[in-house]
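First the proteins, then the strands, lettered A, B, ... as listed; each starts at 1.
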Amino acid sequence: MSSPEVHSAHHAPTSFIGKYVFSKDHKVIGIQYYFLALFSVLLGMTLSLLMRFHMVHPDMKVGWFEKLWPTAAAGGIMTPEMYLSLMTMHGTIMVFFVLTTAPQSGFGNYFLPIQIGAEDMAFPTLNMLSFWTTFLALVVMVAAFFVQGGAPLSGWTAYPPLSGVGRISGPGEGMGQTLWIISIAIFCGASLMGAINFIATTLDLRAKGMSLMRMPLTCWTWFVTAILGLFGFAVLLAAGILLLLDRTAGTSFFIPAGLVVSDQILNHKGGSPLLWQHLFWFFGHPEVYIAILPGMGVTSQLLSTFSRKPIFGYRAMIYAILAIGFLGFLVWGHHMFMSGMSPYSAFAFSVLTMTIGVPSAIKTFNWIGTLWGGKIRFTTAMMFALGFVSLFVTGGLSGIFLGQPSLDLYFHDTYFVVGHFHMIMGVAAIFGMFAGTYYWFPKMFGRMMNETIGKIHFYLTFLGVYAIFTPMHFLGIAGNPRRYADFTNFEFMNSLMPVHTFMTHAAYFTAAVQLLFLFNLFWSLKKGAKATDNPWESTTLEWTIPSPPPFDNFGGHHPVVYHGAYEYSVPGAAKDYVMQTDPAAVSH
Amino acid sequence: MPGSLAKDAVKGPPLPPDAGDFGGGGPGGRGTSRRASLTGMVVLLAAITMMFAALTSAYVVRRGMSNDWNALPLPHVLFANTAVLVASSAALELARRRLKSGRRGEFNRYWTAGTVLGMLFLLGQAYAWHELKEAGIFVATNPSSSFFYVFTAAHGIHLLGGVVALIWVSVQALRLQLGPGKRTVVEVSALYWHFLDGLWVYLMVLFLFWG
Amino acid sequence: MLLGPVVWVLTVVICYFFVAKTWWFPLPISQHGLQYDEQFLRTLVVTGIIFFAAQVALGYVIVRFRDDGRRASYLHGNNKLETLWTSATAVLFIGLVLMGTRIWAEVHWTEAPADAIPIEVLGKQFAWSFRYPGPDGKFGRTDLKLINDAGGNPFGLDDHDPAAKDDLVSASLKVPVGKPIKLILHTRDVIHNFFVRELRLKQDLVPGMEIPFHFTADKIGTYEIPCSELCGLGHFQMRSVLQVMSEADFEKWKQEQLAQK
């Protein structure tokens with residue numbers, strides 16, 4: 001990184017490999033990340049469909065299961081350990097390779113430099129390295145499916161001792177779990193490289209006039225997300241190394257003395273399972289905000305653009321982003337209320353957790369304030385942004401239950417938790433990505449996506465995700481624990497089976513609807529209507545340049561910025577938007 | 001940090017292009033790459049700090065919560081290693097200042113000395129491991145030794161990266177690519193090296209007083 | 001535009017199920033359970049009102065402020081409003097957590113009463129065992145090497161210790177009604193979680209720790225105990241029951257068990 005390569009030797013590569021494979025162009029890298037995440041989300045979604053199938057039909061024989069997984073689905077019936085492998089890999093792939101990758105590394109890589117008026121990221125080579133390291137991490141992660149014993153079954157949180165004592169605690173806990181940790185460690189390295197690039201770019205590469213307080217909110221969220229990633233992944237890396245040593249070198253960081261697993265007395269001494277949980281959640285909670293903050297940024301950008309109004313409370317939004325980023329590091333203990341951690345610290349963590357609800361609420365109020373008095377254009381992108389607000393409210397409010405240790409005495413590790421985090425971290429974040437896709441696709445590929453298909457996709461997905469994830473809250477209220485391969489062993493769960501069946505069908509339906517999106521995406525790449533430079537009449541810098549942008553973004557010209565990012569419907573202006581680069585005076 | 005939170009650029013008349021409150025001056029602005037390189041390094045150091053902070057908290061917790069912790073007999077060579085590393089930092093610092101004032105020959109000498117001392121430190125660390133091994137103390141022997149190996153390995157890997165950077169700088173110097181106006185790579189790698197030097201002193205204090 | 005009504009309908013449907021309680025808690029069987037349900041209701045009312053108001057408002061702005069040829073208002077924000085809703089949500093959210101603290105305090109900040117019946121809970125992949133100290137009131141010595149699940153000795157009780165000889169081991173948790181019970185939670189392999197829905201109580205069993213936990217059950221009956229922390233491939237089968245018995249039945253059961261030893 002020490003090599004000063006920002007503007008030296010920055011010429012467009014000519015070979016195919018230099019252009020599209022080992023490209024240093026932030027736009028190509030952004031697209032590479034986007035498609036890596038798209039592959040991952042399809043994989044993760046497929047895993048979730050298999051899980052939902054198994055929960056409803058635990059004993060059903062399916063011929064091709066046996067062909068695909070001769071041991072894990074011997075006789076065509078999925079084993080419980082296979083269910084847990086699917087669950088672990090679904091969570092891991094979604095959290096790391098989708099929610100961390102697409103909104104930040106994908107869109108962020110593509111649009112952060114353009115929105116601040118730079119011709120590339122600060123360290124293009126590091127950027128390329130970061131992508132290929134992420135790719136390697138994905139390959140290693142997927143490889144866990146194919147090693148002996150299959151993928152790990154300890155969940156995306158990998159709590160030791162289950163994850164720390166090897167094969168004796170379950171079939172996937174041998175090689176599969178080791179690969180899982182190695183993949184995560186590689187991913188940490190990649191994310192750290194990415195974070196360094198994002199932070200340096202934001203601080204040092206802004207165009208003339210682009211003060212921090214004029215940056216689009218998308219840039220603010222990418223910037224703060226990078227800081228979260230920087231600290232979070234550094235800690236996860238440390239924790240992963242210790243866990244790997246417990247597994248392979250016989251150390252006892254997390255494994256206490258006196259354990260008997262599968263009738264074997266273990267040699268470990270004195271370690272603490274809680275230590276892992278503290279380190280993991282110190283990363284894991286900020287990770288939630290890594291997933292959702294960029295979605296908040298995109299939503300803010302789109303609500304302002306398509307309601308033709310300045311964002312309501314721009315500064316309050318920034319303070320809320322900063323507050324979320326800061327408080328995000330102080331609330332990890334709320335994942336551990338039931339863990340045996342000191343019940344006094346649980347109280348402190350719960351107060352801090354409720355406090356972090358406040359900036360989230362501020363954002364919601366400001367979004368509604370932005371829409372108020374606006375002139376809303378219902379593009380598909382806008383509808384996904386509006387859907388984001390609805391899902392964010394729904395998913396956020398269930399957090400008010402879980403943030404109280406007293407109520408967590410019942411809800412911990414029930415489907416209520418599953419419903420909560422899927423609503424907010426899963427679905428709301430993915431709505432942010434859809435919004436970003438429909439909004440930026442014309443800029444990235446020079447063509448428009450089909451709006452009719454887009455709207456059908458939106459409505460069916462919106463109803464679909466509510467149909468999948470709302471019932472989970474009721475399952476949680478009825479006490480249904482999560483991570484159960486099936487529900488046949490408990491009387492009280494029998495009466496809940498109709499809910500599970502409904503959710504499974506809703507999941508099939510919602511997954512099928514995504515084919516519309518895929519079709520729209522790939523069809524529009526080839527056949528979409530040509531996009532103009534600024535089809536949405538937005539104000540930010542990416543809309544001042546051609547679609548798709550040239551190699552160095554601004555064609556050798558250095559943009560100068562005169563306004564904040566959201567000058568819509570300015571009284572006296574010729575049009576209902578004033579570009580950031582427009583020198584026209586704007587009086588307040 | 002350019003651009004200030006205190007100045008509200010949303011309100012008020014637009015700034016003329018040459019006014020004080022702007023970003024880095026854009027990608028073509030003078031000094032952009034130098035500043036970005038330094039920023040990037042500081043950010044990297046923050047990440048490394050965080051990683052060692054996590055390991056330290058694990059160390060303190062693990063040490064405090066169980067009664068199986070045995071004090072580690074620190075190999076004496078570590079004190080010599082510490083002196084060597086501090087000396088290498090000093091040599092690099094002298095080199096950095098020589099380059100700033102344009103004395104390239106002296107720069108080369110000091111820089112090479114610093115690099116050699118750095119490699120010597122790594123050899124010394126390897127010897128410390130060897131001594132522990134001879135004494136029958138392995139990574140799984142006791143939590144104190146587990147942490148010792150983890151800390152020294154993590155530090156050593158970072159330092160190894162540093163040595164590669166120092167050699168790269170030496171090569172650049174020999175190819176006459178460096179000078180008072182072209183010394184970003186020197187500043188950045190010296191900063192990294194000083195940080196690792198400080199980190200090692202911190203680790204020694206940790207081992208000595210909390211071992 | 002259509003989205004507004006869609007959001008409204010969704011909101012009403014969701015609220016309906018929360019009011020109809022089609023899938024809901026089982027009835028509580030303890031004082032703590034009653035207090036728990038009160039705190040849940042308080043939280044539900046507060047979040048329910050916010051949920052309803054926010055979604056309806058979202059639907060409203062979508063319908064009301066659609067592009068109908070007006071000019072959008074040029075407005076950058078309102079500091080008074082920001083201050084108002086910031087402080088209002090802060091008071092509301094933190095108020096809620098403080099109100100629930102009493103419940104948490106009674107579970108975790110207080111010791112079990114001195115006359116509480118001690119029972120050791122052992123979790124292992126994938127079964128529960130419960131140990132009663134027997135007439136001498138003392139838990140006897142155990143040894144990892146003596147563990148023998150097939151032979152009915154999951155704790156590894158050492159029969160050479162007189163205190164261990166009269167310890168009772170059961171696969172279900174049997175307790176007398178209305179008496180304080182003190183559990184000592186303990187696992188011999190991975191993390192498990194002890195959960196009884198009707199008690200509104202849950203606690204992890206952590207390797208290397210012995211976690212005390214107390215409750216009083218006021219209603220005779222049988223209640224299921226599902227393991228609620230992922231413990232491996234048999235997690236979904238790790239089941240036992242809590243049997244709350246009359247005091248006479250409980251004593252009778254203990255005598256029968258002792259006689260069988």
Side-chain angles (χ1 to χ4, degrees), chain A residues 80-81 155 159 161-162 169-170 256 259-261 265 273 308-310 312-313 316 338-340 343 350 354 357-358 361-362 365 368 371-378 389-390 393 397 400-401 404-406 409-410 412-413 466 470 474 477-479 481 483-486 489-490 492 569-571, chain C residues 1 3 7 10 14 23-25 39-40 43 47 50-51 54-55 57-58 61 65-67 70-74 76-77 82 85-86 89-90 93-94 97 100 103-104 108-109 144 147 188-191 197 200-204 206-209 211 224 226 228-230 232-233 235-237 239:
Chain A
E81 54 269 34
Y159 279 10
L162 186 58
S169 65
L259 296 196
V260 182
V261 183
I265 300 179
R308 316 309 292 164
K309 263 192 72 197
F312 192 91
M338 301 301 123
S339 69
S350 71
M354 289 296 148
V358 176
I362 293 176
F365 287 128
I368 296 196
L371 294 166
W372 198 277
K375 186 180 156 188
I376 301 172
R377 296 178 181 172
F378 292 100
V389 176
S390 171
V393 169
L397 284 172
I400 302 297
F401 293 83
Q404 302 180 43
S406 58
L409 281 167
Y410 185 95
H412 173 81
D413 258 12
Y466 264 109
T470 315
F474 296 107
I477 291 175
R483 296 173 163 178
Y484 268 35
D486 71 54
N489 295 284
F490 290 82
F492 80 87
S569 303
V570 182
Chain C
M1 167 55 196
L3 183 56
V7 170
L10 262 175
I14 292 172
W23 304 283
W24 212 249
F25 296 96
Q39 176 67 11
F40 175 80
T43 310
T47 52
I50 301 176
F51 172 75
Q55 301 284 7
L58 180 64
V61 292
F65 299 109
R66 65 188 184 277
D67 185 358
R70 287 167 301 109
R71 204 180 166 84
S73 59
Y74 182 68
H76 278 99
E82 300 283 355
W85 58 48
T86 305
T89 41
F93 289 176
I94 293 177
V97 81
I103 298 170
W104 180 252
H108 276 297
W109 298 0
L144 292 182
I147 286 174
R188 64 174 219 216
D189 41 41
V190 300
I191 302 173
R197 297 185 307 146
R200 308 284 191 269
L201 282 178
K202 185 170 269 178
Q203 176 59 47
D204 275 2
V206 184
M209 290 174 81
I211 299 172
E224 294 183 292
S228 295
E229 186 70 57
L230 176 61
L233 59 94
H235 175 49
F236 70 111
Q237 295 170 317
R239 174 186 185 271

Return the orientation label for the C:F236 and A:Y484 ring planes: parallel under 30°, perpendicular over 60°, tilted otherwise.
-> perpendicular
Taking atom OG of A:S406 and atom NE2 of C:H108, what is their separation to the nearest 0.5 Å?
-> 10.5 Å
A:V570 and C:R71 have their tightest heavy-atom pair at O-NH2, 3.2 Å
Heavy-atom distances under 4.5 Å only: say whether A:T470 touches chain C with side chain, backbone, both or neither.
-> side chain
When you measure from the side chain of C:Q55 to the backbone N and O of A:S390, does any donor-acceptor pair fall under 3.5 Å?
-> yes
May I ask you to decide if A:K375's main-chain N or O and C:R66's side chain share a donor-acceptor pair within less than 3.5 Å?
-> no
With ring centroids as reference points, do C:H76 and A:F312 lie under 6.0 angstrom apart?
-> no
Honestly, the part of A:L371 sitting under 4.5 Å from a heavy atom of chain C is both
With a 4.5 angstrom heavy-atom cut-off, which part of A:Y159 approaches chain C: side chain, backbone, both or neither?
-> side chain
Checking side chain to side chain contact (heavy atoms under 4.5 Å, CB included) for the pair A:I368/C:V61: CA distance, chi angles, key distance, verdict?
-> CA-CA 7 Å; A:I368 296 196; C:V61 292; 4.2 Å; yes
Residue among C:T43, C:I50, C:T89 with most heavy-atom pairs under 4.5 Å to chain A | C:T43
Picking from A:I265, A:V393, A:V389, A:V260, which has the most non-hydrogen pairs under 4.5 angstrom with chain C?
-> A:V260
All heavy atoms of C:I94 vs all of A:M354, minimum pair found to be CG1-CB, 4.1 Å
Atom CG in C:L230, atom CG in A:D413: separation rounded to 0.5 Å?
-> 8.0 Å
Is C:W104 reaching over with its side chain to a backbone N or O of A:L409, donor-acceptor style, under 3.5 angstrom?
-> no
Between C:E229, C:Q237, C:E224, C:H235, which shows the greatest number of heavy-atom pairs under 4.5 Å with chain A?
-> C:E224
Would you please indicate if the ring centroids of A:F401 and C:F40 are separated by under 6.0 Å?
-> yes
Measure the spacing between CD1 of A:I362 and CD of C:E82 and express it to the nearest 0.5 Å.
-> 6.5 Å
Is chain C contacted by the side chain of A:A485, its backbone, both, or neither, given a heavy-atom distance below 4.5 Å?
-> both
Answer with side chain, backbone, both or neither: which region of A:F378 has an atom nearer than 4.5 Å to a non-hydrogen atom of chain C?
-> side chain
Between A:Y410 and C:R197, is there a cation-pi geometry (under 6.0 Å to ring centre, at most 45° from the normal)?
-> no
Work out which heavy atom in A:K309 is nearest to a heavy atom in C:A72; give both atom names and the distance.
-> CG-CB, 3.8 Å
Once you round to the nearest 0.5 Å, how far does CD1 of C:I103 lie from CD of A:Q404?
-> 8.5 Å
Distance (rounded to the nearest 0.5 Å) between C:T47 OG1 and A:I400 CD1 = 7.5 Å
Provide the closest heavy-atom pair for C:I211 versus A:G340 in the form atom of the first, atom of the second, distance.
-> CD1-CA, 3.9 Å
Cut-off 4.5 Å, heavy atoms of chain A, and the answer for C:Q39 is both
Hey, which of C:D67, C:V190, C:I147, C:L233 has the most heavy atom pairs under 4.5 Å with chain A?
-> C:D67
Side chain, backbone, both or neither: which part of C:L10 has a heavy atom under 4.5 Å from chain A?
-> side chain
Contacting moiety of A:P256, where chain C heavy atoms sit under 4.5 Å | side chain
Looking at C:G100, C:A57, C:P207, which has the largest count of heavy-atom pairs under 4.5 Å with chain A?
-> C:P207
Would you confirm whether C:K202, through its side chain, and A:M338, through its main-chain N or O, come within 3.5 Å as a donor-acceptor pair?
-> no
Most chain C-contacting option - heavy-atom pairs closer than 4.5 Å, from A:A316, A:P273, A:G170 = A:P273
Shortest non-hydrogen separation from A:V261 to C:D189 and the atoms involved = CG2-CB, 3.7 Å
Atom group of A:P405 that falls short of 4.5 Å from chain C, counting heavy atoms = both
Within the distance-only criterion (no hydrogens, no angle test), does the side chain of C:W24 pair as donor or acceptor with the backbone N or O of A:I477 below 3.5 angstrom?
-> no
Side chain, backbone, both or neither: which part of A:Y466 has a heavy atom under 4.5 Å from chain C?
-> side chain
Among the options C:A54, C:G208, C:G232, C:S73, pick out the one with the most heavy-atom pairs lying under 4.5 Å from chain A.
-> C:S73
What's the spacing between A:L162 CG and C:I191 CD1 if we round to 0.5 Å?
-> 8.5 Å
Taking C:F93, C:W23, C:W109 one by one, which has the highest count of heavy-atom pairs under 4.5 Å against chain A?
-> C:W109
Distance-minimising heavy-atom pair for C:V206 and A:S339 | CG2-O, 3.1 Å
